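This structure is a prediction, so every number in the text was calculated from the model and none was measured. The first residue in the sequence is number 1, and the count goes up from there.
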Amino acid sequence: MRVLLVYPAPDVSKNYRFGYSLLLLYAASDLREHGHEVHLVDFSCEKFNVETFTGLLQRSEALVLEVDAFPLKRSTNIESASRIATLAKERFPNIPIVAIGKQCSLFGRAISFADVTISGDSETYVSKVLKCVERQSYCDAGQINNIDILPVPAYDLLSKHQIEGRTTDRDMCLQPSGLMETSRGCPGLCTFCQRKGWSHGIQCFSDERVLQIFQLLARSGVKNIWVVDENFGANLVRAKGLLKKISAVNDRSKVRLAISSWVRIDHEFLDLASEAGVSIISFGIESITKANQDYYRKRVEPDKTAEMISYADSLGLFTVGNFIIGSPLDTEQTIEENLQYAISSGLDTVNVKTLDYMMGAELYQELPAQIRGPIDVRACKELGLCKFTREELKRISANFQNRFRISRIKKLELKTKKYGTPYFEKQEGGRSV
């Protein structure tokens with residue numbers, strides 16, 4: 001069977017942000033193993049053209065749409081998926097449409113525009129469903145017990161647009177880049193996190209599997225690897241051992257890695273990360289105020305965290321601090337305290353987001369039914385969720401990030417001069433830095 005795999009565009013227009021769907025790449029490999037012919041289109045980075053897409057549909061016998069939650073592009077894509085499905089049925093009424101993805105797991109029910117909706121870990125389930133599409137409208141694939149059974153992602157299906165992306169703040173392209181997954185899940189209990197809606201417990205790929213993927217990407221010419229784990233440092237012993245093995249096979253002058261982690265790490269972890277070629281670490285700090293930490297059920301020790309960030313800075317690692325504003329307990333004073341903490345730390349960049357009550361998160365479930373949106377609700381005074389209006393939160397967020405950015409201009413200039421940019425870039429004439 002000829003199967004067309006599609007990642008619909010985000011419903012909310014976003015600046016280009018590197019990323020692609022590993023779910024579809026896993027599914028593509030499994031479909032190939034079962035004798036299917038596959039084609040992949042990612043409309044998060046490619047322009048949608050009706051006639052071109054119709055031509056792809058004409059050559060296909062099944063359509064698989066990924067209905068994603070927020071992580072990939074900071075937007076859902078269910079509206080875009082619905083439009084694509086409607087077009088497909090108008091042009092080819094008999095083509096079976098299968099919906100997969102994180103949003104399917106959050107809904108836990110059939111999606112109206114799909115013939116079959118698969119929730120759970122659907123990577124190896126699509127091939128089973130295509131044998132009997134007419135018999136079911138919804139099925140739960142459950143959770144894979146051993147993720148090492150997943151096939152190697154079909155990286156060969158990626159277009160140039162998907163491995164070379166423009167940065168958001170300047171007209172510069174990345175060197176060939178790739179995504180790698182070493183684990184799934186997080187032991188954290190954060191009340192704002194929607195990932196609990198599709199992830200239960202922690203699962204880790206074997207070190208051997210991770211090294212296989214790392215070396216595959218490196219041999220293919222990939223220069224930047226974004227590790228998509230929710231919390232790379234969740235199991236510190238395992239993370240350190242894996243970093244040692246990556247260090248043994250990685251030439252830091254050729255491949256750089258970016259990871260996300262909570263702040264419960266130590267100096268040895270940072271030393272090993274530097275030796276392995278990690279150049280960026282994104283930390284979930286959220287807030288240093290105790291009242292907010294209790295509300296988010298997330299414990300951060302400000303002094304220890306600042307010391308870890310400072311040590312990472314001394315190693316040349318670029319650090320990102322993620323903060324949340326807009327909790328019911330936030331005041332101008334608490335937000336200013338977090339801003340001053342960010343400025344006084346060794347952080348290089350900050351992301352400041354307004355608290356989003358997202359489907360799947362504990363905080364979303366606790367919202368009154370009358371204000372609970374179909375997918376998420378953004379905190380604001382208008383809904384009685386915090387002390388600031390929507391416009392005030394936008395202004396506060398912009399002010400937070402702008403004041404921090406100004407405080408870092410000289411620091412980043414000196415740091416990049418000493419250590420180079422945090423990821424390999426391609427400049428005019430092909431000269432990379």
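With Asn250 contributing its side chain and Ala276 its backbone, the two residues share a donor-acceptor pair below 3.5 Å. A donor-acceptor pair is defined here as one N or O able to donate and one able to accept, closer than 3.5 Å; such a pair exists between the side chain of Lys298 and the backbone of Gly284. A distance-only check finds a donor-acceptor pair linking the side chain of Asn77 to the backbone of Glu66 [under 3.5 Å]. Looking only at distances, a side-chain donor or acceptor of Ser105 sits under 3.5 Å from a matching main-chain atom of Gly120.
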Using side chain to side chain contact (heavy atoms under 4.5 Å, CB included), reason through Ile285 and Leu347 one step at a time and then give a plain yes or no. CA-CA 11 Å; Ile285 298 173; Leu347 288 169; 4.2 Å; yes
With side chain to side chain contact (heavy atoms under 4.5 Å, CB included) as the criterion, how do Asp42 and Ser159 come out once you've worked through the C-alpha distance, each side chain's angles and the decisive distance to 0.1 Å? CA-CA 9 Å; Asp42 186 340; Ser159 69; over 6 Å; no
Show your reasoning for whether side chain to side chain contact (heavy atoms under 4.5 Å, CB included) applies to Cys139 and Tyr125. CA-CA 10 Å; Cys139 52; Tyr125 211 80; 3.7 Å; yes
Could you give me the CA-CA distance, side-chain angles and deciding distance for Asn322 and Glu286, then say whether side chain to side chain contact (heavy atoms under 4.5 Å, CB included) is met? CA-CA 6 Å; Asn322 296 283; Glu286 323 317 348; 4.2 Å; yes
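Checking Ser80 against Arg83 by side-chain atom types alone, a donor-acceptor pair falls below 3.5 Å. Side chains of Thr54 and Glu51: no donor on one and acceptor on the other come within 3.5 Å. A side-chain donor-acceptor contact under 3.5 Å links Ser119 and Tyr138.
Ion pairing between Lys244 and Asp207 fails under the 4.0 Å rule for side-chain N and carboxylate O. Arg408 has no carboxylate O lying under 4.0 Å from a charged side-chain N of Asp348, or vice versa, which leaves the two without a salt bridge. With salt bridges taken as basic N to acidic carboxylate O contacts below 4.0 Å, none links Lys128 and Asp30. A salt bridge between Lys102 and Glu230 is absent, with no side-chain N of the basic residue lying under 4.0 Å from a carboxylate O of the acidic one.
Enclosure of atom CD in Glu37 is not indicated, since only 12 or fewer non-hydrogen atoms of other residues, nucleotides or ligands lie within 6.0 angstrom. Atom NZ of Lys394 has 12 or fewer neighbouring heavy atoms from other residues, nucleotides or ligands inside a 6.0 Å radius. Glu33 CD: more than 12 foreign heavy atoms inside a 6.0 Å radius.
If you take CD1 on Ile144 and CG on Asp121, they are separated by 4.5 Å, rounding to the nearest 0.5 Å. The distance from the CG atom of Leu57 to the CD1 atom of Ile95 is 5.0 Å, given to the nearest 0.5 Å. For the atom pair Ser183 OG and Asn231 CG, the distance stands at 7.5 Å (nearest 0.5 Å). Rounding to the nearest 0.5 angstrom, the gap separating the CD1 atom in Ile163 from the CD atom in Gln175 is 10.5 Å. Remark: Phe214 CZ to Ile225 CD1 distance equals 4.5 Å, nearest 0.5 Å. Going from atom CG of Leu242 over to atom CZ of Phe232 covers 4.5 Å, rounded to the nearest 0.5 Å.
Classified by interplanar angle (parallel below 30°, tilted 30° to 60°, perpendicular above 60°), the ring pair Phe323/Tyr341 is perpendicular. Using cut-offs of 30° and 60° for the angle between ring planes, the Phe48 and Phe43 rings count as perpendicular.
Ile100 pairs in a side-chain contact (heavy atoms from CB on, under 4.5 Å) with only one of the listed residues (Asp68, Leu65, Ile118, Thr117), which is Ile118.
Taking all atoms of both residues into account, the shortest heavy-atom contact from Phe205 to Ile147 is CE2-O, 3.0 Å. Among all heavy-atom pairs drawn from Ala99 and Ala114, the shortest one is CB-CB, 3.7 Å. The nearest pair of heavy atoms linking Ile265 to Lys304 is O-CE, 4.2 Å.
Sorted by first and then second residue, the pairs that involve residues 359-379 and meet salt bridge (charged side-chain N to carboxylate O under 4.0 Å, His left out), not counting sequence neighbours, are Arg297-Glu362, Asp356-Arg378.
Listed by chain and number, the residues in a ring pair (Phe, Tyr, Trp, His ring centres under 6.0 Å) with Tyr311 are His267 (sequence neighbours excluded).
Aromatic rings of Tyr20 and Tyr7 (six-membered ring for Trp) have centroids beyond the 6.0 Å cut-off, not under it.
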